[in-house]
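A short worksheet on the structure shown next.
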Amino acid sequence: MGITAIRGFNDILPSEVGKWQFVEKTAREVFEGFGFAEIRIPILERTELFSRGIGEATDIVEKEMYTFTDKGGGSLTLRPEATASMARAYLEHQLYAFDPVAKLYCFGPMFRYERPQKGRYRQFYQIDAEVFGVGNPVVDAEVILMLIHFLRRVGLEKLELQINSLGCRDCRPRYREGLKAFLTEKSFQLCEDCQRRLQTNPLRIFDCKVQTCQEAIADAPKVSDFLCGECDTHFDKVKECLSMANLDYVLNPRMVRGLDYYTRTAFEVVSYDLGSQNAVTGGGRYDNLFQEIGGLDIPGIGFAIGMERLISLLPKDKEFIRYPDLFIAAPGKGTHGEAYRLANQLHLEGIHTEFDYEGKSLKSQMRRADKLKARYVLILGEEEMKKGRAVLRNMADKSQEELPIDNLTGILKNKIGKD
RNA sequence: GUGAGUGUAGCUCAGUCGGAUAGAGCACUGGGUUGUGGCCCCAGUGGUCGAGGGUUCGAGUCCCUUCACUCACCCCA
């Protein structure tokens, strides 16, 4: 093997690309129907954008970013997520001056230096959708509704929507301290990792798989007990709106988000067909992000969908590959040029046509037509060609008919359009 | 960063206790049919046994090192 792709960076081969196009096309249709507009943003940003936006102490910023110094001497980072960049673009171009409310979506690769495993790669693709400028809980529900609607449209079932409220900058620290105090008394029960988490991020202990840690936190206080009045009514309103839309959800008081900027509503959609990395999408509200990166006090909410994870869940029986409409077989040497001429003519008409480049036997050409799953084969026989005619074979039912070559385009368009 | 598993043909995999020229199926090419696909039959192409070192008369097989991939931890989409 010569040069290979680097670890965690994958090629998406033609046989897979149909799925990607389908998912992207569906996302565009659904999101634009909800009033979202596409935005395209760079994949490189100043490192500062992420360290301030995502949070210095997060795993992403601490150890997962692809950061380097460019020739101008500045520190740049391949984006590990899109929200901070989208917020930056919104501020930089003062989109709020036209309308404080911006509903944006974008597609693209993200980069995180992690050990790859099932559903986790160093370059991975996300679909992001964000609403900037609305603090009202109705929009939380609206965003979640759009997300679920999209997931159903691409054919996913057996999904579970989990929601939680993380509180705001007032009540989250209170909860954190409360939890810390509670667990400190039980710290002898905690594993080594959780001893550390107790200091750095006590909320994470909820995720620990160690039996004794689970026992320790079994009757730990919940976020909901600590929410301030405003966060409490906000969350109630979100739940109420979800119910109004007939969306089923599971309250997961243990759900924690890894990025510092999340506040209040947090949600995840998980699938039990995914393996260990079971979140297809995750998101939430981030009312502090804009202040961290720019100063203006603008609320936001959004989600990121993991493309690879989503695509791995797509129904298996669905066909995403486009097969040729026609294969032109030219068994005789004298008919080769005609195959080339005809194929080009048909290409200009948008008819997906293949032909043999190698001058192989008719049998071999037929075999290839079959392998490519061409619907029709046009056989340019020397006998027929002398009369200006050719044989058109329907590969599915084996029927054949002799046709005049000069009228071929019209006839094919008619036939192919029919089914 | 940590742990476990796996590396033999393009793909999926056999390969016994260390023994002779490393196999099968699929795929590919050609033929059986001078001009007709799938099924069948025949033949052919294709290998640095991941790489490097060691033990041995002899290594795909045993040992060491290394690389890659996979899964899991951590964390997240």
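Source: prediction; values computed, not measured. Keep in mind that the numbers below use all heavy atoms, side chains included, and drop hydrogens, waters and symmetry copies.
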Nearest-Å distance for atom pair [atom1]/[atom2], residues [X] and [N]:
{"X": "A:Gln117", "N": "B:U2", "atom1": "CD", "atom2": "P", "result": "16 Å"}
{"X": "A:Ile328", "N": "B:U36", "atom1": "CD1", "atom2": "C1'", "result": "16 Å"}
{"X": "A:Glu401", "N": "B:U36", "atom1": "CD", "atom2": "C1'", "result": "16 Å"}

Position toward the 5' end of RNA chain B (nearest nucleotide), A:Lys363 or A:Pro331:
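The answer here is A:Lys363.
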Ring centers of A:Phe132, A:Phe290 separated by less than 6.0 Å:
yes
Kindly point out which of [options] is positioned nearest to the side chain of [X]?
{"X": "A:Arg393", "options": "B:G37, B:C74, B:C28", "value": "B:G37"}
{"X": "A:Arg7", "options": "B:A68, B:G30, B:C75", "value": "B:A68"}
{"X": "A:Asp370", "options": "B:G38, B:G1, B:C74", "value": "B:G38"}

May I ask you to verify if any side-chain N or O of A:Lys63 is less than 4.0 angstrom from the OP1 or OP2 atom of B:C74?
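For A:Lys63, the contact criterion (side-chain N or O under 4.0 Å from OP1 or OP2 of B:C74) is not met.
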Think A:Thr58 has a side-chain N or O under 4.0 angstrom from the OP1 or OP2 of B:C75?
no
Within the modelled atom types, does a donor on one side and an acceptor on the other bring the side chain of A:Arg112 and the base of B:C75 under 3.5 Å apart?
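Such a pair does not exist between side chain and base.
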Rounded distance in Å between the P positions of B:G46 and B:G5
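So the two P atoms sit 37 Å from each other.
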For atom P, what is the distance between B:U61 and B:C17, given to the nearest Å?
15 Å
Look at all strands and tell whether A:Gly282 reaches a base, only sugar-phosphate, or nothing, counting heavy atoms closer than 4.0 Å.
sugar-phosphate
Just do the side chain to side chain contact (heavy atoms under 4.5 Å, CB included) check on A:Leu161 and A:Asp248 with the steps written out, would you?
CA-CA 7 Å; A:Leu161 169 65; A:Asp248 292 328; over 6 Å; no
